[in-house]
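What follows is a set of notes on a single structure, which appears directly below.
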Amino acid sequence: EDKVVQSPLSLVVHEGDTVTLNCSYEVTNFRSLLWYKQEKKAPTFLFMLTSSGIEKKSGRLSSILDKKELSSILNITATQTGDSAIYLCAVKKSGAYKYIFGTGTRLKVLA
Amino acid sequence: EAGVAQSPRYKIIEKRQSVAFWCNPISGHATLYWYQQILGQGPKLLIQFQNNGVVDDSQLPKDRFSAERLKGVDSTLKIQPAKLEDSAVYLCASSLQGEVDEQYFGPGTRLTVT
């Protein structure tokens with residue numbers, strides 16, 4: 001059975017800290033891995049990672065896929081209170097364009 | 001570009017009642033997804049359409065849930081009769097087509113079953 005597992009489930013840090021969120025997967029027909037940020041409403045897209053192993057960066061956020069370890073990390077440096085959200089990891093399968101989501105990591109950044 | 005539209009945004013019903021949700025995807029997006037997100041969990045795929053055909057409905061509780069996408073554009077998801085455990089946010093998402101496209105989510109419908 002396909003599975004996407006995120007850790008930790010929740011995390012509380014102070015502004016300025018750096019955090020690393022983890023996502024591991026056991027999925028057949030892997031195509032890509034996506035990270036989303038979910039605040040009070042719908043998930044918003046952050047990154048898409050493929051087996052090329054290229055790191056993606058956007059401001060203070062960065063992410064990379066380790067194809068050998070079947071995992072990905074999302075790094076957030078110099079965290080701000082606006083980073084408080086649930087971060088979702090999803091794996092996209094080939095063929096039917098199906099996405100399988102993890103349970104998410106709830107991040108709270110304290111001022 | 002307009003995003004994915006959903007309505008209603010909130011709905012409260014009693015158990016055993018029926019409810020319907022509506023989704024209008026981004027124009028030109030061939031693939032449409034309905035997800036159920038229970039509090040504290042990630043989104044779970046209920047049904048996936050490619051144009052007006054069903055690609056995957058393996059996790060749709062077909063005894064009470066139904067969905068359709070007539071004309072390959074907007075879609076409705078219905079629950080009849082609702083149970084307490086159906087309380088969740090129902091998210092609709094769409095993607096253009098092809099394996100390189102990410103999906104875009106609508107604002108969701110928060111359903112509370114009492």
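Just so it is clear: chains get the letters A, B, ... in the order the sequence lines come, proteins before strands, and each one is counted from 1.
Proximity to chain A at a heavy-atom threshold of 4.5 Å picks out B/G106, B/P107 from residues 106-114 of chain B, in numerical order. Using a 4.5 Å cut-off between non-hydrogen atoms, the part of residues 36-47 of chain B that approaches chain A consists of B/Q37, B/G40, B/Q41, B/G42, B/P43, B/L45.
Rounded to the nearest 0.5 angstrom, A/Y99 OH and B/Q48 CD are separated by 8.5 Å. For the atom pair CZ of A/F101 and CG of B/L91, the computed distance is 8.5 Å after rounding to the nearest 0.5 Å.
Evaluation of the salt bridge (charged side-chain N to carboxylate O under 4.0 Å, His left out) rule for A/R60 yields A/D83 as partners, not counting sequence neighbours. Every residue two or more places apart in sequence or in another chain was checked for a ring pair (Phe, Tyr, Trp, His ring centres under 6.0 Å) with A/F47, and none qualifies.
Contact of the A/K92 side chain with the B/S95 side chain is not registered, since no non-hydrogen atoms from C-beta on lie closer than 4.5 Å.
The number of heavy-atom neighbours closer than 6.0 Å to CZ of A/F45, taken from other residues, nucleotides and ligands shown, is above 12. Remark: A/K37 NZ is packed, more than 12 non-hydrogen atoms of other residues, nucleotides or ligands lying under 6.0 Å away. Atom NZ of B/K71 sits in a sparse spot, with 12 or fewer heavy atoms from other residues, nucleotides or ligands closer than 6.0 Å.
Note: the hydrophobic cluster containing A/V91 also contains A/Y87 (ILVMFWY, side chain heavy atoms under 4.5 Å, direct or indirect links). Residues B/V55 and B/V73 do not share a hydrophobic cluster, clusters being chains of Ile/Leu/Val/Met/Phe/Trp/Tyr side chains in contact below 4.5 Å. Note on A/I86 and A/I76: separate hydrophobic clusters, where clusters join Ile, Leu, Val, Met, Phe, Trp and Tyr whose side-chain heavy atoms are under 4.5 Å apart, directly or indirectly. Residues A/V4 and A/L107 are members of one and the same hydrophobic cluster, defined by side-chain heavy-atom contacts under 4.5 angstrom among Ile, Leu, Val, Met, Phe, Trp and Tyr. B/L32 and A/L34 are assigned to two separate hydrophobic clusters, defined by single-linkage of ILVMFWY side chains at heavy-atom distances under 4.5 Å.
Residue A/Q6: no heavy atom, backbone or side chain, is found under 4.5 Å from chain B.
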